[in-house]
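Please read the structure below before turning to the comments.
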Amino acid sequence: MHIDVVGLTGGIGSGKTAAAEHFATLGVPVVDTDVIAHSLTAADGAAMPAIAQAFGDAVRMADGALDRVAMRQLVFAQPALRQQLEAILHPLIRAESVRQLQQARGPYAVLVVPLLFESPDYLALVQRSLLVDCPESLQIERVMARSGLTADAVRAIMAAQLPRQQKLASADDVIDNGGSLALLQLQVEAKHQYYLANLAHCQ
Ligand code: ATP
């Protein structure tokens with residue numbers, strides 16, 4: 001990679017997207033693996049032919065895009081099917097992440113990976129890890145407000161992710177998103193100055 005990459009991570013609803021958006025307003029190129037996953041599974045997405053072949057047309061909506069609700073129901077409690085889906089998607093997501101990072105122009109780039117510490121393939125792409133952290137009660141509150149999921153459903157997703165303390169122990173840098181959005185943005189700006197001073201010279 002020709003520029004250094006900061007891996008931005010955090011549990012569900014921790015504020016990764018909000019932090020990434022602020023890095024983008026500061027002129028930092030942002031590559032988001034969730035955004036890539038969505039475009040790969042859009043109507044004309046590169047993953048759709050393989051997904052339709054493996055799972056049938058029942059997981060496609062009328063316009064050809066992935067029917068996320070149907071797919072979730074199909075792989076729920078069927079680890080083999082989940083693995084099959086991931087075997088199709090993960091190499092495509094990673095390859096597209098690398099392609100976008102190679103095209104990125106800036107002092108450094110931010111790569112958003114929700115499960116960064118659980119994913120050696122992505123850890124290998126980053127020079128530093130930046131964790132967006134907040135109390136679990138706030139994660140639950142924010143995700144419920146955004147998506148209408150129940151507290152138990154959010155807790156179940158959190159239980160499948162690395163525990164908060166392990167993430168904190170693994171991260172090079174941490175942003176505390178337990179306060180307002182303005183406070184989150186101030187911390188992003190402070191990290192940006194740090195990365196400019198410590199990463200940008202490596203181009
Ligand atoms: P996911 O893992 O689900 O993609 P995320 O980590 O990207 O989530 P965001 O989407 O940035 O998290 O934030 C989750 C929700 O909480 C959003 O609706 C966002 O606007 C809101 N939010 C984030 N940070 C704050 C904050 N400091 N104060 C108030 N609301 C916030």
Side-chain angles (χ1 to χ4, degrees), residues 5-26 28-42 45 47 65-66 68-69 71-72 75-76 82 85-86 89-90 92-94 96-97 100-101 109-119 121-123 125-126 128-192:
V5 180
V6 174
L8 178 65
T9 191
I12 180 171
S14 57
K16 296 179 292 296
T17 306
E21 280 170 2
H22 202 57
F23 274 108
T25 67
L26 298 172
V28 180
V30 172
V31 177
D32 188 326
T33 53
D34 272 349
V35 173
I36 292 172
H38 271 81
S39 63
L40 285 169
T41 53
L66 181 67
R68 280 164 219 291
V69 176
M71 193 74 228
R72 209 173 298 132
V75 302
F76 182 73
R82 180 180 291 276
L85 177 66
E86 288 176 354
L89 274 177
H90 282 178
L92 293 171
I93 296 170
R94 190 177 184 283
E96 178 60 15
S97 301
Q100 290 188 15
L101 288 171
V110 164
L111 175 65
V112 187
V113 187
L115 301 180
L116 179 66
F117 300 123
E118 295 92 328
S119 314
D121 282 356
Y122 287 95
L123 276 176
L125 296 178
V126 308
R128 281 190 86 79
S129 57
L130 172 58
L131 175 70
V132 183
D133 175 66
C134 75
E136 288 167 356
S137 56
L138 269 180
Q139 275 178 273
I140 294 170
E141 201 177 287
R142 287 173 183 163
V143 175
M144 284 175 72
R146 184 191 57 189
S147 64
L149 287 177
T150 64
D152 279 347
V154 184
R155 278 196 203 95
I157 294 169
M158 287 165 60
Q161 303 184 338
L162 200 65
R164 183 181 179 199
Q165 291 311 322
Q166 283 186 43
K167 286 194 189 108
L168 282 166
S170 303
D172 294 317
D173 307 312
V174 179
I175 283 179
D176 172 5
N177 193 24
S180 66
L181 274 174
L183 281 174
L184 172 73
Q185 292 174 354
L186 277 177
Q187 292 175 81
V188 167
E189 286 161 26
K191 291 292 180 256
H192 178 57

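For the numbers below, each heavy atom of this structure counts, side chains included, while hydrogens, waters and symmetry mates do not. As the structure is a prediction and not an experimental result, all values here were calculated from the model. We count ligands from 1, going down the list as the structure has it; atoms in each ligand are counted the same way.
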Show every donor-acceptor pair shorter than 3.5 Å between a side-chain atom in residues 155-163 and any protein atom, with sequence neighbours excluded, or say none if there are none.
unit_1: Arg155; atom_1: NH1; unit_2: Asp152; atom_2: OD1; d: 3.0
unit_1: Gln161; atom_1: OE1; unit_2: Ile12; atom_2: N; d: 3.1

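Distance check: Leu85 CG to Thr41 OG1 gives 9.0 Å after rounding to the nearest 0.5 Å. In this structure, NE2 on His38 lies 10.5 Å from CD1 on Ile93, to the nearest 0.5 angstrom. The CG atom of Asn177 sits 8.0 Å away from the CG atom of Leu138 when rounded to the nearest 0.5 Å. Taken to the nearest 0.5 Å, the CG atom of Leu40 stands 10.5 Å off from the OG1 atom of Thr33. Atom CG of Leu125 and atom CG of Leu101 lie 6.5 Å apart (nearest 0.5 Å). For the atom pair CG (Leu183) and CD1 (Ile175), the distance works out to 11.5 Å, reported to the nearest 0.5 Å.
In this structure, Gly179 has a heavy atom closer than 4.0 Å to ligand 1. In this structure, Pro114 does not count as a contact residue of ligand 1, since none of its heavy atoms falls inside 4.0 Å of the ligand. Taking 4.0 Å as the cut-off, Cys134 does not count as a neighbour of ligand 1 on heavy-atom distance. Proximity of Ser14 to ligand 1 is established by a heavy-atom distance of less than 4.0 Å. The closest approach between Leu184 and ligand 1 stays at or above 4.0 Å for every heavy atom of the residue.
Of all the heavy atoms of Ser180, the ones lying under 4.0 Å from any atom of ligand 1 belong exclusively to the backbone. When heavy-atom distances to ligand 1 are checked against a 4.0 Å cut-off, Lys16 comes that close through both its backbone and its side chain.
Taking every non-hydrogen atom of Asn177 and a distance limit under 4.0 Å, the qualifying atoms of ligand 1 come out as 23 (C), 24 (N), 25 (C), 26 (C), 27 (N). Residue contact check: Ala18 has heavy atoms under 4.0 Å from atoms 11 (O) of ligand 1.
Between Asp173 and Arg128 a salt bridge is recorded (basic side-chain N to carboxylate O distance below 4.0 Å).
Protein heavy atom nearest atom 13 (O) of ligand 1, with residue, atom name and distance: Gly15 CA, 3.9 Å. Ranking protein heavy atoms by distance to atom 8 (O) of ligand 1, first place goes to Gly13 N, 3.1 Å. The protein heavy-atom contact nearest to atom 15 (C) of ligand 1 is Arg142 CB, 4.0 Å. Of all protein heavy atoms, the one closest to atom 7 (O) of ligand 1 is Thr17 OG1, 2.6 Å.
A donor atom on one side chain and an acceptor atom on the other are found under 3.5 Å apart for Gln100 and Glu96.
In this structure, the side chain of Thr9 does not engage the main chain of Leu131 through any donor-acceptor pair within 3.5 Å.
Not a single N or O atom of Ile12, backbone or side chain, sits closer than 3.5 Å to an N or O atom of ligand 1.
Paired with Val31 under the rule side-chain contact (heavy atoms from CB on, under 4.5 Å), one option of Val112, Val5, Ile36 passes, and it is Ile36.
Of the listed options Gln139, His22, Arg146, Arg146 places a heavy atom closest to atom 3 (O) of ligand 1.
Per-atom contact check: atom 20 (O) of ligand 1 does not touch the protein, criterion being a heavy-atom distance below 4.0 Å. Under the 4.0 angstrom criterion, atom 26 (C) of ligand 1 counts as having a protein heavy-atom contact.
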